[in-house]
Amino acid sequence: MTAIAPLTTRVAWKALAAHYSQVRHLHLRTLFAEDATRGERMAVEAVGIYFDYSKHRITDETLTLLLQLAEESGLQARIDALFRGDKINITEKRAVLHVALRAPKGHSIIVDGEDVVPHVHAVLAKMANFSNRVRSGEWKGHTGKPIRNVINIGIGGSDLGPVMAYEALRHYSQRDLVFRFVSNIDGTDFAEATRDLDAEETLFIVSSKTFTTLETMTNARTARDWTLTTLKHPAAVAKHFVAVSTNTEEVTKFGIDTANMFEFWDWVGGRYSMDSAIGLSTMIAIGPEQFHAMLDGFHQMDEHFRTTPFERNLPVLMGLLTLWYNNFFDAQTMAVLPYEQYLKRFPAYLQQLTMESNGKHVTLDGTEVAYQTGPIYWGEPGTNGQHSFYQLIHQGTKLIPCDLIVFAQPLNPLGRHHDVLLANVFAQAEALAFGKTSQEVQAEGTPAWLAPHRIFEGNRPSSTLLLERLTPKTLGALIALYEHSVFVQGAIWHIDSFDQWGVELGKVLAERIIPELESKAESPLTHDSSTNSLIRHYRKYKERST
Ligand code: G6Q
């Protein structure tokens with residue numbers, strides 16, 4: 001890794017800090033009034049995504065400086081290292097090659113002296129074969145009935161991608177199959193997912209990179225018991241369980257035939273794995289052809305990111321804009337607001353992608369950062385959000401940049417619904433940017449005492465992402481856009497966006513507490529006084545219920 005000047009000492013950073021104090025009060029009303037072409041100029045169209053970033057609190061100089069910051073941060077070299085398969089996840093000493101998962105046949109990406117692309121395609125072919133057999137009813141359960149229900153058991157990266165993709169692409173799914181997703185260790189998740197299902201017709205996909213994750217393995221064992229309670233014979237496991245994992249040994253120990261194991265590799269991070277075999281449930285739902293269309297969307301965005309000059313590069317622009325608010329305006333959060341019901345789990349998916357990746361407090365060399373890193377991502381589908389939390393975005397005291405995502409063609413055309421939906425998203429972006437002045441409020445005849453409450457300051461920044469239609473391909477492009485935007489931010493902050501040590505401590509402590517909760521004996525407790533007291537109360541309450 002070449003030495004790089006600390007972020008806050010870079011020329012462009014200092015220039016941006018000075019520039020910020022000059023433009024921070026500039027209003028979008030002024031910026032638009034001064035430049036009639038702003039709306040067309042500050043927009044880029046690539047891989048089917050029209051990205052309008054004109055409603056951001058930026059001038060041409062802001063952009064120039066942000067792009068300079070990207071150059072000074074060695075972004076192009078980082079991108080090249082990513083695509084080359086360098087071990088850029090330095091704390092885990094791993095390559096980060098989700099881009100290989102969607103590399104077309106014939107491409108070549110070498111990891112530890114071996115071309116990984118043929119392996120990726122071999123697994124895709126195995127997934128396609130299995131998916132087709134389930135979809136056609138050829139794959140039979142233990143008693144000879146075809147599979148009707150598919151349950152993915154996994155958590156974190158082995159759950160959020162599959163459930164988001166299933167919901168997003170439900171329109172394209174085989175409707176006579178039921179898909180459910182069990183992630184939580186809370187028994188309710190499993191109980192509710194299976195209560196109306198027939199074990200004879202149910203297939204479990206145990207998705208776990210490590211095949212040791214406590215929640216997933218507990219749910220998988222419960223699923224095995226549930227299956228065997230009905231089907232009685234241990235041989236049923238082979239017909240009702242398949243695994244997606246990197247850990248052959250643990251899969252075998254669980255009793256799943258490795259012929260029914262779909263492999264992936266340690267260079268695929270959990271939160272970057274929905275297009276690997278972790279997407280098996282997605283492929284069963286939408287079929288191999290549509291799954292490949294999704295991979296194509298991912299790949300096209302990869303190529304756009306890898307080869308397009310930064311000033312027209314969607315993930316670069318998106319990443320830089322996020323950084324602009326995060327580091328100069330001190331914005332704490334980013335709202336992701338899909339105006340598309342099928343994307344209802346997209347904000348939850350993005351929360352892991354963005355926050356697990358960039359929620360870091362030290363740089364690659366282990367020194368404490370002297371600046372803010374990853375913002376909090378949150379959101380809900382529009383227009384529901386408009387009737388709840390948008391109030392705070394419009395008139396609260398916090399600056400919340402928004403991503404508004406919308407598709408021009410409805411998947412379920414219904415009367416005037418879609419025009420009304422689109423009108424809402426455009427109106428919101430307009431209201432956020434331009435607000436409502438006191439003159440406008442007065443002109444409406446609002447009494448003086450009420451006027452302050454009705455004024456919208458405006459100057460609330462947003463990006464609008466307008467796509468033609470939600471398809472597997474456009475979904476792939478959209479996800480890759482966010483993946484690479486996260487990468488851009490992490491590269492500039494000089495952090496490891498691909499490890500997740502922050503989730504470890506809680507897991508270790510839970511393992512220690514489990515026996516203390518399970519044991520009947522009043523074993524002495526050696527935690528802090530709060531944890532000790534909570535454990536004692538839990539034991540007391542638990543006894544009352546038995
Ligand atoms: C993602 C994280 C994490 C992981 C889960 C599940 O990047 O690593 O969310 O995906 O902890 O892990 P397993 O797939 O190993 O069960």
Side-chain angles (χ1 to χ4, degrees), residues 82 87-99 101 123 151-165 181-186 189-190 204-224 241-254 256 261-282 345 347-360 374 377 479-480 482-484 486-487 489-490 495-511:
L82 167 81
K87 298 200 167 151
I88 59 169
N89 177 357
I90 58 156
T91 70
E92 296 181 326
K93 299 191 176 63
R94 283 177 186 160
V96 175
L97 270 179
H98 40 282
V99 293
L101 298 170
V123 173
I151 304 189
N152 186 76
I153 297 181
I155 196 163
S158 300
D159 166 71
L160 285 161
V163 69
M164 179 276 290
F181 299 83
V182 174
S183 56
N184 202 327
I185 189 70
D186 183 339
D189 206 8
F190 184 86
F204 290 95
I205 304 174
V206 185
S207 296
S208 176
K209 183 172 168 180
T210 54
F211 230 71
T212 56
T213 305
L214 178 64
E215 293 87 341
T216 300
M217 296 325 297
T218 308
N219 277 321
R221 280 189 285 270
T222 300
R224 192 174 48 190
F241 284 79
V242 298
V244 179
S245 188
T246 58
N247 191 342
T248 315
E249 205 183 316
E250 287 298 326
V251 169
T252 313
K253 264 198 229 160
F254 184 86
I256 296 177
M261 169 177 160
F262 300 85
E263 190 194 1
F264 65 119
W265 306 272
D266 75 351
W267 41 262
V268 184
R271 55 193 175 275
Y272 296 87
S273 68
M274 58 157 287
D275 48 345
S276 71
I278 289 290
L280 182 61
S281 57
T282 315
R345 294 303 303 268
Y349 170 78
L350 276 190
Q351 284 187 321
Q352 183 188 25
L353 179 68
T354 58
M355 289 158 73
E356 202 166 63
S357 296
N358 284 341
K360 307 291 160 66
Y377 277 73
I479 297 166
Y482 277 95
E483 286 179 347
H484 296 318
V486 163
F487 179 85
Q489 296 162 52
I495 55 178
D496 191 331
S497 299
F498 302 102
D499 61 12
Q500 56 282 315
W501 299 103
V503 297
E504 295 301 321
L505 179 61
K507 286 191 196 173
V508 174
L509 295 182
E511 291 285 4

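Whatever order the structure lists ligands and atoms in, that order sets their numbers, starting from 1. What's counted below: heavy atoms across the whole structure, side chains too, no hydrogens, waters or symmetry copies. Position 1 is the first residue of the sequence, and the numbers go up from there.
By the 4.5 Å heavy-atom criterion applied to side chains, Y377 and L353 are not counted as neighbours. Under the 4.5 Å side-chain criterion, counting only non-hydrogen atoms from C-beta, E250 is in contact with T212. F498 is listed as a side-chain neighbour of F487, based on a closest heavy-atom distance under 4.5 Å. Residues I278 and F264 meet the side-chain proximity criterion, which asks for heavy atoms closer than 4.5 Å. Counting only heavy atoms from C-beta outward, the side chains of V96 and Y272 never approach each other to under 4.5 Å. The shortest distance between side-chain heavy atoms of F254 and F241 falls below 4.5 Å.
The single protein non-hydrogen atom nearest to atom 7 (O) of ligand 1 is R271 NH1, 2.8 Å, given as residue, atom name and distance. From the protein, the heavy atom lying nearest to atom 1 (C) of ligand 1 is E356 OE1, 3.0 Å. The protein heavy-atom contact nearest to atom 6 (C) of ligand 1 is I155 O, 3.2 Å. Given atom 11 (O) of ligand 1, the protein heavy atom at minimum distance is K507 NZ, 4.2 Å.
Within ligand 1, the atoms closer than 4.0 Å to a non-hydrogen atom of S158 are 10 (O), 13 (P), 14 (O), numbered from 1 in the order shown. Counting atoms of ligand 1 from 1 in the listed order, those under 4.0 Å from a heavy atom of S208 are 13 (P), 14 (O), 15 (O), 16 (O).
Between G157 and ligand 1, an N or O atom pair is found at a separation short of 3.5 Å. Checked by distance only, ligand 1 and T210 come closer than 3.5 Å through their nitrogen or oxygen atoms. Close N/O approach between T213 and ligand 1 is found [any backbone or side-chain N/O within under 3.5 Å].
Proximity annotation for atom 3 (C) of ligand 1: of Q352, Q500, E215, Q352 comes nearest, heavy atoms only.
Contact record, S207 with S158: O-CB, 3.3 Å, taken as the closest heavy-atom pair.
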